[in-house]
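These figures come from a predicted structure and were not determined experimentally.
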Amino acid sequence: MKKETIIAKKSKTNKLSLISLLCLIIVGSGAPIEQSFARGKITPDQLYIVDCLLPPQVRQLGSNYTYLAPRKPARLSARDCAVRGGEYVAYDKASFSSVAKMWLPEAQGGNPKAQSYLGELYEKGLGGTPDYKAAAMWYQKAVDQGYTPAMLNLGNLYEQGLGVEQDKTKAINLYRQASGITDSNLEIVTEQNLRERRAKEHQRIQLLKQVSGLRKQLSEVKSDYDLTKRYVEQSNIKLKDLQAQLKNNKGNNSILQKIANLKAELNNKNNELSKQNKVINTLVSKVSEQATRDDVAQNTKESGISILNPDVFLTRGINTMAMPADAVKFKFMASVTPPEGVVALKVNNQDYTKTMTDGGVFESTVELKNGDTPVSIVAIRKDGTRNIEQFVAIRNQFKPVKARKFDELFTRRLRNDLGDYFALVIGNDEYNNLDNLQTASSDAKEIAKILKKRYGYKVKLLINADKMTMLKALTDYNKKLGKFDNLMVYYAGHGLIDEKTKQGYWIPTDASATDKSTWIANKRISDFMANMKAKHVMVVADSCYSGTLSGSAISPLPDDIESEDILFTSRVKARTVLTSGGLQPILDSGGNGHSIFASAFIDTLNENDGVMEGYRLYKAMSQQVKLRSSLAGLEQVPEYSAVKHAGHEGSEYYFLPKKI
C-alpha cells in the first residue's frame, strides 16, 4: 500500500475539523503557481495542457477512519487545473525538477503511465539537457509492464542510439510489439532522414535563387546574341550588294577594300556568335540540371499544344510518358495550333522556334534524368499570350495503391468498432501581418465537404482562424470526445520550423511575424492529442509539424493481413501525422485552384472505395505529390509518422467511405 496519512475519526468535532482542514488545503492550492485568472475571461494560455498537481482526496477506510490520499499529478488544461484546485507551473517557465517531482512518487510506485511520462521528461530535458539514459531506464520499466507508448518511445531511442547502444533490430521488435503484429515489414526512416528532407527544402530555395540568377544571365547573353546575329544578317545582305557592284565595276579598289573589311568584320562577328552560343548552351544546361521552371501560364481555349508521338497518358490528372528503365534520352513530336503568330517556342527552356514547320509541327530530343523528368513546352505569341503543355517522362510505371476490400459483414463490424468520426478543418489564407496565401481556404472547404458527405464525419470548419479560435476548438474536442471516437485535424496555412530548436509552429491569422508567443507550437497540438480520450487522432498538415517519431514507428500492415488482425490493431490508440513536406501550401500548376498536397489528398479520398489506413493513404498520395511537384519545378516529399509523446500505441487511423 502507498504511504498514506490516517486520521482517527472518533467524534463529530473531528469530522468538522477534518473538513475544515481539507477546505483550507483546497483553497490554499487553488491559486496556480505563475498564473491568475480573470473572471469571465479566457486567454489562450489557460487552454494549454500543463502538469497539474491535484489536491488530496478524503477517503473512507471502514466506518471509523478517514484519511487524506497522496496528491495526484495529472495532465490538464491550465483552466481545468485551477477549477479543480490544483497547482501548476506554466510550461515555458517550468523547471525539470518541479515537473519531475510531481510524477516521481507515482512512477516509483509502479504506475506505468507515470514511468513513461517521466521518461518523456528526461528525453525532452525540460529547460535543460536531455538525459537519454535516464529516459531509457524509465521507459524500460513501463515496457516491462506492457505499456505501449513506452515501447514506441524506447524503440525510438534504440533506433537513434540515444542513451542506449544503437540496435535497430531491437527498435523494430519494440515497434512490432507495440502494434501487436510481428510479421510486418517495417521501413527504417530515422529522424536524421527527416532532418535531411527538411534541409533539402532549404537547399531547394537556395537553388531557385541561383537559377533565377542564371536565367537573368541567360537573358542578357541571349539578347547580345540576337543583336549580333541581326548585325551579321544585315552585313551579309550588304556583302551581297557589294559583290553585285563589283561585277559591274571590276577592279574597283574601293569596292574591293570594302568587301575585305566587311568579310573580316563578319568573321569576327561569327566568332563572337559562336562564343555567345556556347555560353548560352552552358547556361541552359545549368538551368536544366536544377530541374526548375519559372514560366507558368494557363493554356488558352482557342489554341494549344498537342503531343503527336509517342502517346501521353493521363495519370491522376497528370500527363505521363512511360520510358524504358535504361533510356538516356527520348524524342517526341508535337504541334502548335494555330502556328501563326508564334514568335518563340521552348522545350525545357531550349529554343526550338526555327525547327517548327509552317504547319506548326516540331520535334524535340530531351535528355532523361536519373529519376522522373518533367517536360514543359511553351509557345509565345506576338500579343504576349502563351500556350503551355506539360508532362512527366517516368522510368517506372505509376503504381496505384488500392484500398483494402473485406466482406460486408466484417466491414460492418469494423465500422461499428471504430466508432464516430470528427474533423477539425482549418484553412488560413488572410493574415494580418504576413503574406496572404492562395489556396488554404478553398482546400479546407473542399476537404470538409468530402469528409462530411463521403465519409460521414461531423465537421467543424474554421476559415481564417485566429489563435484563440484554433485553441478553443481543440479544447472543445479534448473535452467532448470519448474513448471510441476518432478525430482528424486538417491545417492549411503558414508554418515555420525554428532551425535552432527544430520546433515547428502553425501561424494563426492574428499572429505577429516576429513574436513567437502569438504562434501555436506543434508541441501544443501534440499535448492536446496526448490528453484526448479519443482512440484515433490524425493531424494532416499542408504545412510543417515537428516532434514526430521516426518513420519506422509506423508499422505498414501487410497486404495479406488477416481481417481479425486489422480489428485487433484498431482497438488501441493511434496518434499520427501526415505532412506535405513544406512550410505552406504550394499552388498546383494544374490549375484546379488547390495546393499540390491538397489536390493529392482530395483525389485519394475521392478514389478510396474500401478500407484505407493512414500509411496506405500516404503511399497513394506520395506518388501524385511527387509528379505534381516536379511539374512545379520543386521537390515536395510528404511525411507520415507517429507523434512523439502523444500516447501513440501502434495503431492506425482508418478511412471508410459511408457507402462500402
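Under the salt bridge (Lys or Arg N to Asp or Glu O under 4.0 Å) rule, Asp559 has a single partner from Lys619, Arg616, Lys402, which is Arg616. Screening Leu154, Thr148, Asn153, Leu152 for a side-chain contact (heavy atoms from CB on, under 4.5 Å) with Ser116, the sole residue that qualifies is Asn153.
Side-chain contact check for Lys170 and Tyr158: at least one donor-acceptor pair (N or O, by modelled atom type) lies under 3.5 Å. Side chain to side chain, Asp542 and Ser595 meet the donor-acceptor criterion of an N or O pair below 3.5 Å. Side-chain contact check for Tyr457 and Asn486: no donor-acceptor pair (N or O, by modelled atom type) lies under 3.5 Å. Side chains of Thr475 and Asn478: a donor-acceptor N/O pair is absent below 3.5 angstrom, by distance only. A donor-acceptor pair shorter than 3.5 Å can be found between the side chains of His645 and Glu123.
Between Lys535 and Asp485 there is no salt bridge, since no side-chain N of the basic residue sits under 4.0 Å from a carboxylate O of the acidic one. Taking the charged nitrogens against the carboxylate oxygens, Lys460 and Asp476 have no contact shorter than 4.0 Å, which rules out a salt bridge. In this structure, Glu613 pairs ionically with Arg404, as a charged nitrogen and a carboxylate oxygen lie closer than 4.0 Å.
Summarising the geometry of Ala440 relative to Gly493, their closest heavy-atom pair is CB-N, 4.4 Å, with the distance given to 0.1 Å. Residue Ala448 comes nearest to Leu461 through the heavy atom pair CB-CD1, 4.1 Å, listed as atom of the first residue, atom of the second, then distance. Across all non-hydrogen atoms, the minimal contact from Ser543 to Gly495 is OG-CA, 3.2 Å. Considering all non-hydrogen atoms of both residues, Leu462 and Ala473 come closest at CD1-CB, 4.0 Å. Residues Gly155 and Ala171 approach most closely at O-CB, 3.2 Å, considering heavy atoms. Nearest heavy atoms, Ala444 versus Ile463: CB-CD1, 4.1 Å.
Between the side chain of Asn348 and the main chain of Pro374, a donor-acceptor pair closer than 3.5 Å is present. With hydrogens and angles disregarded, a donor-acceptor distance shorter than 3.5 Å links the side chain of Thr509 to the backbone of Ala465. One N or O on the side chain of Asn464 and one on the backbone of Asp429 form a donor-acceptor pair closer than 3.5 Å. Within the 3.5 Å criterion, the main-chain N or O of Thr604 finds no donor-acceptor partner in the side chain of Asn608. Under a 3.5 Å cut-off, the side chain of Tyr431 and the backbone N or O of His494 do form a donor-acceptor pair. Between the side chain of His536 and the main chain of Val572, a donor-acceptor pair closer than 3.5 Å is present. Side chain of Glu652 to main chain of Gly614: a donor-acceptor pair is present (N/O by atom type, distance under 3.5 Å, no hydrogens or angles). In terms of modelled atom types and a separation under 3.5 Å, the side chain of Tyr615 and the main chain of Tyr653 share no donor-acceptor contact. For Asn433 (side chain) and Ala513 (main-chain N/O), no donor-acceptor pair under 3.5 Å exists by modelled atom type.
Relative orientation of the Phe601 and Tyr490 rings is parallel, given thresholds of 30° and 60° on the angle between their planes. Relative ring orientation between Tyr618 and Tyr640 is described as parallel, the plane-to-plane angle staying below 30° on a 0-90° scale split at 30° and 60°. Ring geometry for Phe391 against Phe330 counts as perpendicular: the plane angle is over 60°, on a 0 to 90° scale with 30° as the lower cut.
Side-chain atoms of Asn606 and Arg454, non-hydrogen and from C-beta on, do get closer than 4.5 Å to each other. Met621 is listed as a side-chain neighbour of Leu578, based on a closest heavy-atom distance under 4.5 Å. Within the 4.5 Å cutoff, the side chain of Ile377 has heavy atoms near those of the Phe332 side chain. The shortest distance between side-chain heavy atoms of Val392 and Thr373 does not fall below 4.5 Å. Residues Val347 and Ser376 are not in side-chain contact: their nearest non-hydrogen atoms beyond the backbone lie 4.5 Å or more apart. With a 4.5 Å cut-off on side-chain heavy atoms, Val577 and Met538 do not count as touching. Two residues are said to be in side-chain contact when any heavy atoms from C-beta on lie closer than 4.5 Å; Trp519 and Trp506 fail this criterion. Asn428 has its side chain out of reach of Ile507: every pair of non-hydrogen atoms, C-beta onward, lies at least 4.5 Å apart.
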side-chain contact (heavy atoms from CB on, under 4.5 Å) evaluation trace for Leu414 with Ser570: CA-CA 8 Å; Leu414 180 61; Ser570 71; 4.0 Å; yes
Audit row: Leu481, Lys533, side-chain contact (heavy atoms from CB on, under 4.5 Å) steps and yes/no: CA-CA 6 Å; Leu481 295 183; Lys533 294 179 181 177; 5.8 Å; no
Check against side-chain contact (heavy atoms from CB on, under 4.5 Å), Ile520 and Ile525: CA-CA 8 Å; Ile520 299 178; Ile525 310 297; 3.8 Å; yes
Criterion side-chain contact (heavy atoms from CB on, under 4.5 Å) on Val328 and Glu367, from CA distance to verdict: CA-CA 6 Å; Val328 294; Glu367 292 187 3; over 6 Å; no
Arg413/Glu408 under salt bridge (Lys or Arg N to Asp or Glu O under 4.0 Å): CA gap, chis, key distance, verdict: CA-CA 9 Å; Arg413 282 182 62 199; Glu408 184 179 350; over 6 Å; no
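For Tyr477 and Phe528, the gap between ring centers reaches or exceeds 6.0 Å.
Distance check, rounded to the nearest 0.5 Å: CG of Asp417 to CD1 of Ile566 gives 12.0 Å. With rounding to the nearest 0.5 Å, the separation of CD1 in Ile49 from CG in Asp527 is 6.5 Å. Taken from OG in Ser442 to NE2 in His594, the straight-line distance is 5.5 Å, to the nearest 0.5 Å. Taking CD of Glu562 as the reference point, atom CZ of Phe410 lies at 10.0 Å (rounded to 0.5 Å). Between atom CD1 of residue Ile602 and atom CG of residue Asp443 there is a gap of 6.0 Å, rounded to the nearest 0.5 Å. In this structure, the separation between NE2 on His648 and OG on Ser641 is 8.0 Å, given to the nearest 0.5 Å.
Around CD of Gln166, the count of heavy atoms belonging to other residues, nucleotides or ligands within 6.0 Å exceeds 12.
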